[in-house]
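Structure record follows, encoded as structure tokens.
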Amino acid sequence: MYEELFQVKSNNIAPSKGRILIASPLLSDYHFSRTVVLMVNHEENGDMGVVLNKDFRYHVSLNDLVPELKDIPSIPVYKGGPVGRDTMFFIHDIEEIKDSLSLGNGLFMNGDFNQMIQYIKSGNPIMERARFYLGYAGWEENQLQSEIEENSWIVSELSKERFFKESYKDLWTNTLNDMGEPYRTWAQYPSIPSLN
């Protein structure tokens, strides 16, 4: 019934490195419900991205994982996706970090982790410059395209300013609102329609 009212449709923009996937409000998968995924690569043999707006049930901090940072104010680590939860990724705008992968829009992924740790230990601002994740989202060949055709994802762009300056909890709603109608209406779709 609600599905007919909302008629959620993909916007038919091709995913590519640096773009985001915004989950349809009707996507109920535990790992991806109301997520925003930053695409790291989009290739014929598969796709990879990092979920930007999910936290672990029990708070994880970089300070817990890197003993050198125990005396630094807590730096949160977010849930990057269901695959490879033992793998750390970091997204940042610090061009000086060697071997970083440019994602466009002034964002980079990974790079020299030791250099990043030294950057943090030197007292540089980190919360406005980098976010850390464990795990990633992955799709096999043609899987993501099929999900887009099934209207599970809307493809859009993400500004560096929005990423760093706003709460990760508001990212899904705000990115849909940025796109105007009908996406702004979809952002109001209740998480559990039967409870309304």
Side-chain angles (χ1 to χ4, degrees), residues 1-60 76-91 103 107 109 131-158 162-163 166-196:
M1 175 178 147
Y2 289 103
E3 290 84 351
E4 292 172 13
L5 287 173
F6 274 76
Q7 298 180 7
V8 176
K9 298 281 184 202
S10 173
N11 56 353
N12 295 317
I13 296 174
S16 62
K17 179 173 71 173
R19 284 187 170 160
I20 55 172
L21 303 174
I22 307 170
S24 159
L26 304 177
L27 182 62
S28 59
D29 179 280
Y30 169 76
H31 296 292
F32 296 108
S33 175
R34 308 230 166 186
T35 57
V36 176
V37 180
L38 180 62
M39 294 300 297
V40 174
N41 69 20
H42 175 62
E43 299 174 355
E44 283 186 22
N45 60 349
D47 301 280
M48 176 187 171
V50 176
V51 175
L52 300 179
N53 63 327
K54 292 285 182 181
D55 203 355
F56 289 101
R57 180 178 295 158
Y58 301 104
H59 179 72
V60 177
V77 175
Y78 301 99
K79 189 192 302 184
V83 184
R85 287 272 176 84
D86 57 349
T87 305
M88 170 80 67
F89 297 94
F90 54 104
I91 297 168
L103 299 174
L107 293 174
M109 183 170 137
R131 298 237 172 132
F132 298 84
Y133 301 87
L134 287 173
Y136 65 94
W139 292 266
E140 296 177 354
E141 184 177 355
N142 298 321
Q143 182 184 359
L144 178 58
Q145 189 56 43
S146 294
E147 291 180 12
I148 290 172
E149 289 169 6
E150 292 165 358
N151 301 313
S152 294
W153 299 102
I154 298 121
V155 180
S156 189
E157 306 286 340
L158 177 68
R162 166 143 284 159
F163 177 58
E166 297 180 9
S167 169
Y168 72 95
K169 294 177 182 179
D170 300 326
L171 197 55
W172 183 81
T173 300
N174 289 345
T175 53
L176 281 176
N177 282 336
D178 283 349
M179 296 176 69
E181 293 298 344
Y183 309 101
R184 187 176 290 122
T185 299
W186 298 349
Q188 305 309 311
Y189 189 82
S191 296
I192 306 173
S194 61
L195 296 182
N196 269 355

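Since the model is a prediction, treat every value here as computed from it, not as a measurement. Numbers here simply count residues along the sequence, with the first being 1.
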Original post:
Judged by atom type as modelled, is there a donor-acceptor pair below 3.5 Å linking the side chain of Arg34 to the main-chain atoms of Ala23?
Top reply: no
Original post:
Taking all atoms of both residues into account, what is the closest heavy-atom pair of Asn174 and Glu166, and its distance?
Top reply: ND2-OE1, 2.8 Å
Original post:
If you look at every heavy atom in Thr185 and Glu181, which pair is closest and at what distance?
Top reply: OG1-OE1, 2.6 Å
Subject >> Minimum heavy-atom distance between Arg85 and Leu134, given as atom pair plus value >> reply: O-CB, 3.6 Å
Subject >> Worked check of side-chain contact (heavy atoms from CB on, under 4.5 Å) between Val37 and Ile20 >> reply: CA-CA 5 Å; Val37 180; Ile20 55 172; over 6 Å; no
Original post:
For the atom pair CG (Asp178) and CZ (Arg184), what is the distance rounded to the nearest 0.5 Å?
Top reply: 8.5 Å
Original post:
Going through the distances and angles, do Leu21 and Met39 end up as a side-chain contact (heavy atoms from CB on, under 4.5 Å)?
Top reply: CA-CA 7 Å; Leu21 303 174; Met39 294 300 297; 3.5 Å; yes
Subject >> Side-chain touch His31/Val83, heavy atoms, less than 4.5 angstrom >> reply: no
Subject >> 4.5 Å side-chain heavy-atom contact, Ser156 and Ile13 >> reply: no
Original post:
CG/Asn53 to CZ/Phe163 distance, rounded to the nearest 0.5 angstrom?
Top reply: 10.0 Å
Original post:
How many angstroms lie between CE in Met48 and CE in Met109, if you round to the nearest 0.5 Å?
Top reply: 4.0 Å
Subject >> Minimum heavy-atom distance between Phe56 and Val77, given as atom pair plus value >> reply: CD1-O, 3.7 Å
Original post:
What's the verdict on side-chain contact (heavy atoms from CB on, under 4.5 Å) for Arg162 and Leu171, showing C-alpha distance, side-chain angles and the deciding distance?
Top reply: CA-CA 8 Å; Arg162 166 143 284 159; Leu171 197 55; 3.8 Å; yes
Original post:
Roughly how far apart are Asn41 CG and Lys17 NZ, rounded to 0.5 Å?
Top reply: 8.5 Å
**OP:** Considering non-hydrogen atoms only, spot the tightest contact between Phe89 and Gly135 and give its length.
**Re:** CD1-O, 3.4 Å
**OP:** Check whether any side-chain heavy atom of Leu144 lies under 4.5 Å from a side-chain heavy atom of Pro15, and answer yes or no.
**Re:** yes
Original post:
Would a 4.5 Å heavy-atom cut-off, applied to side chains only, mark Phe32 and Pro82 as touching?
Top reply: yes
Subject >> CG-CD1 distance between Leu158 and Ile22, expressed to the nearest 0.5 angstrom >> reply: 8.5 Å
Original post:
Looking at residues at least two apart in the chain, or sitting in another chain, which of them share a ring pair (Phe, Tyr, Trp, His ring centres under 6.0 Å) with Phe90?
Top reply: His92, Phe113, Phe132
Original post:
Taking C-beta and beyond as the side chain, do Asn177 and Tyr183 meet within less than 4.5 Å on heavy atoms?
Top reply: no
Original post:
Taking only residues two or more places apart in sequence, or in another chain, which ones meet Tyr168 in a ring pair (Phe, Tyr, Trp, His ring centres under 6.0 Å)?
Top reply: Tyr78
Subject >> Side-chain donor or acceptor of Lys54 paired with backbone N/O of Val36 under 3.5 Å >> reply: no
Original post:
How many angstroms lie between atom NZ of Lys79 and atom CG of Leu52, to the nearest 0.5 angstrom?
Top reply: 14.0 Å
Original post:
Going by the salt bridge (Lys or Arg N to Asp or Glu O under 4.0 Å) test, which pairs reach into residues 142-154, not counting sequence neighbours?
Top reply: none
**OP:** Any chance you could lay out the side-chain contact (heavy atoms from CB on, under 4.5 Å) test for Thr35 and Trp153, step after step, and finish with the verdict?
**Re:** CA-CA 10 Å; Thr35 57; Trp153 299 102; 3.6 Å; yes
**OP:** Considering non-hydrogen atoms only, spot the tightest contact between Ser24 and Ile154 and give its length.
**Re:** CA-CD1, 4.3 Å
Original post:
Judged by atom type as modelled, is there a donor-acceptor pair below 3.5 Å linking the side chain of Ser146 to the main-chain atoms of Asn142?
Top reply: yes
Subject >> Donor-acceptor pair, side chain of Ser33 and main chain of Tyr30, under 3.5 angstrom >> reply: no
